[in-house]
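Per chain, numbering begins at 1; letters A, B, ... match sequence-line order.
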Amino acid sequence: MLFTIFAILTLAGAAAAMSLRNLVHSVLALIVAFGGLAVVYLLLGAQFVGFAQVLVYIGAVAILIVFAILLTRSADTASSSIGGSWVAGGVTALAVFGVLAWAISHSSASHGAAMPQPEASMQQIGDALMLRFALPLEMIGLLLTAALIGAVTIASREKRGPR
Amino acid sequence: MAEAADQIFVALERWLVGHTPAGVRPVFAEVISVVALLAVFASLFAMTTVLERKGLGRIQNRYGPNRVGPFGILQPLADGIKSLTKEDIVPQAADRIVHFLAPVVLVLAAFSMYAVLPVGRNMVLANLDAGVLFFFAASSVMEVSIFMAGWSSRNKYSLLGAMRAVAQMISYEVPLILASITAVMAAGSLSTVTIVEKQAGYTGILPHWFVLTPWGFAGFVLFMIATTAESNRSPFDLPEGESEIIAGYFTEYSGFKFALFFLGEYIGMFAMSGLGITLFLGGWTAPLSFLTWVPSYLWFFAKLLFMIAMFIWIRGTLPRLRMDQLMNFAWKFMLPLALINLVTTGVWRFLPHGILRWIVCAVMVVVPYILLGRGLAQGWKLKKRVYRFAE
C-alpha cells in the first residue's frame, strides 16, 4: 500500500521532471522523485541508503543542478518537437526496461520463497566498509579527490596578462 | 523521588495512552510526542524572540521591547497576532505554487529534525540506528526550501539572497558534518541515544563529555561556528544582509508566511544546537556528578538556553563577514582543521589512557590552528583603525 503510493509519487516526479517546460520546475519534480525513492528504500528497511539518498541527492545533486541552471542563460526552454533523438531515446529506454524486467523475472530472488528481511544495522555496514571493503573505499576516495583537484585546476586557470 | 521527577513526562504519556483503545495506541503515542515537541519548541521560539530583542537591546545600550505586558514579555503574542492579521501579498510575477510551498517545506524540514533529538532520559521520538544521518538529511532539505523561496519570488534580491544562502549552507555543511563525525567515531554509533549514553559516566565529579577532550573541544567549536553559518545568523547573515539585498530570500514574503520563515530559521537553529549538545555536551546528562538528581530534560533545556544566549551575544557583538571572507574561512580554515581533528580523534582512540594522549592530542589541535591562522593571515596588512570623529 505505502509502496504503491510512493512508487507512483516517484514515477510521477520523474515524468514531470522530463515533461515540464520550466527547468527549475523540472528540478523540483526531480527532487520529489528522489524523495519518493528514499522513502521506498526506507520501506525496504535500508535506513542508511534511504537517508544517504536524501542527503546526497536532494542536498547536493539537486542543488548542484539548480546552480547549473541558474548560471546558464535562461530557465525557460523553447518548445521541442518529437524528433529522431526522441525516438532513439524511447527505444533505448524500452530496451533497458525489457532487459531489466527479463532479468528480474528470471532471477532466483523473485521465484524463491519469501526470504526473511535482512537486517543490516549501521554497525554491520560500517564494519563491512572499514574491514572487508576498505581497499575499494580508499580507491574511490582517491578517485574522487583526483576528480576534485582536476575540476579545481580546470576552473582556476586564469589568464595572466598585463592589467 | 528524583527518578519520578525525571520520568514524569514519560509516565504522563504512558498514562494518557493507557486510556485509549488498544488499536490506536501506537499512533496515539506518536501523536502525543509530536504535539509535545511542537508545543515546547514553538513556545521556546516565542520566548527566544523576546529574549533576543531584549538581549540585543542591552548590548546596544537601549531597552528593547518593554510596552506589551510586564517587561515586554507578551511581545511575541502581539507579534503573532500582527502577522496573522496582515495581508498575505504574493507578487504578480511569482510562481504561486512554489512560493506557497517554500515556507511549508522549510518548517516541515526544521521540525522533523527533532525526531531524533533526545531531550531527556527516555525522551526521544525515534531512536533511529542512523539518527545523525537522518538529522543531516532533514537539514539538507532546508536548503531546497530556501532556494524555492528565493527563486519563486521572481525578485533579484530574493534570488541573490537564495544563491548566497545555498552557497553558504553547502560550504559550511562540510565542516559541520566532519566535525560531528568525530563524536560519532568516538561513540561508535550514529544513534543519538547511544552517543548520549557513551558520555554518561563521571571521573571524580567531571562528566565524560566529549567537549572535555582536546578533539571534542575543537570539534565543538567547529560545529558551533558551522551551525551559526547554517542557520544564517550573524556574523554569517549575508543571505539576508539588509544593507545590500533588503531581506534576502524572504523579501517577497509577508504576513504569516514571513512568520513561518522566522519560525523555521529559529527552529532549525535550536535543532542544530540540540545536536551539538547531544554530540559534544553530553545531551541530557548532568554537568557535575552530584547534580544528577535534577531531571534530565531540565539539563537539556538549560544547555539549549545557554547556547541561545551565546548566539544572541555573538549576534550583538560581531560584524558581518564579506562574501570572500566567508568562503575562505569555510574552505581554507575550517575544512583543514576539521580533517585534522578527525585524525586527532583516531589518535585519541588508539593511544593508551594517560597524560601522554592528552599532550599529543592537544598539540595536534593547537599547532594546526596556530599555523593555519598565521599562514592565512600572512598577506594581510592590518593596522589599528583610526576613527576620525569617534575618538
| task | Check B:L133 against A:F48 and note the closest heavy-atom contact, atom names and distance. | result |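 Here B:L133 and A:F48 meet closest at CD2-CD1, 3.6 Å.
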| message | Testing the basics here: between A:G59 and B:I170, what is the closest heavy-atom pair and its distance to 0.1 Å? | response |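 Heavy atoms only, the tightest pair is O-CD1, 4.3 Å.
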| query | Contact part of A:I58 toward chain B, heavy-atom cut-off under 4.5 Å: side chain, backbone, both or neither? | reply |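 Both backbone and side chain.
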| query | Does B:V166 reach the side chain of A:F67, with side-chain heavy atoms less than 4.5 Å apart? | reply |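 A side-chain contact exists here, since the closest heavy-atom pair is under 4.5 Å.
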Distance (rounded to the nearest 0.5 Å) between [X] [atom1] and [Y] [atom2]:
X	Y	atom1	atom2	result
A:I69	B:W151	CD1	CH2	9.5 Å
A:L28	B:L101	CG	CG	9.0 Å
A:H25	B:D95	NE2	CG	3.5 Å

For [X], does the [atom1] atom have more than 12 heavy-atom neighbours from other residues, nucleotides or ligands under 6.0 Å away?
X	atom1	result
A:M139	CE	no
A:Y57	OH	no
B:F333	CZ	yes
B:I97	CD1	no

Chain A contact via [X] - side chain, backbone, both or neither, heavy atoms under 4.5 Å:
X	answer
B:L159	side chain
B:M169	neither
B:F147	side chain

| task | Kindly indicate, with the supporting measurements, whether the criterion side chain to side chain contact (heavy atoms under 4.5 Å, CB included) is fulfilled by B:V144 and A:I63. | result | CA-CA 7 Å; B:V144 176; A:I63 296 289; 4.1 Å; yes
| said: Walk me through whether A:F51 and B:L128 qualify under side chain to side chain contact (heavy atoms under 4.5 Å, CB included). | reply: CA-CA 11 Å; A:F51 294 145; B:L128 291 179; 3.8 Å; yes
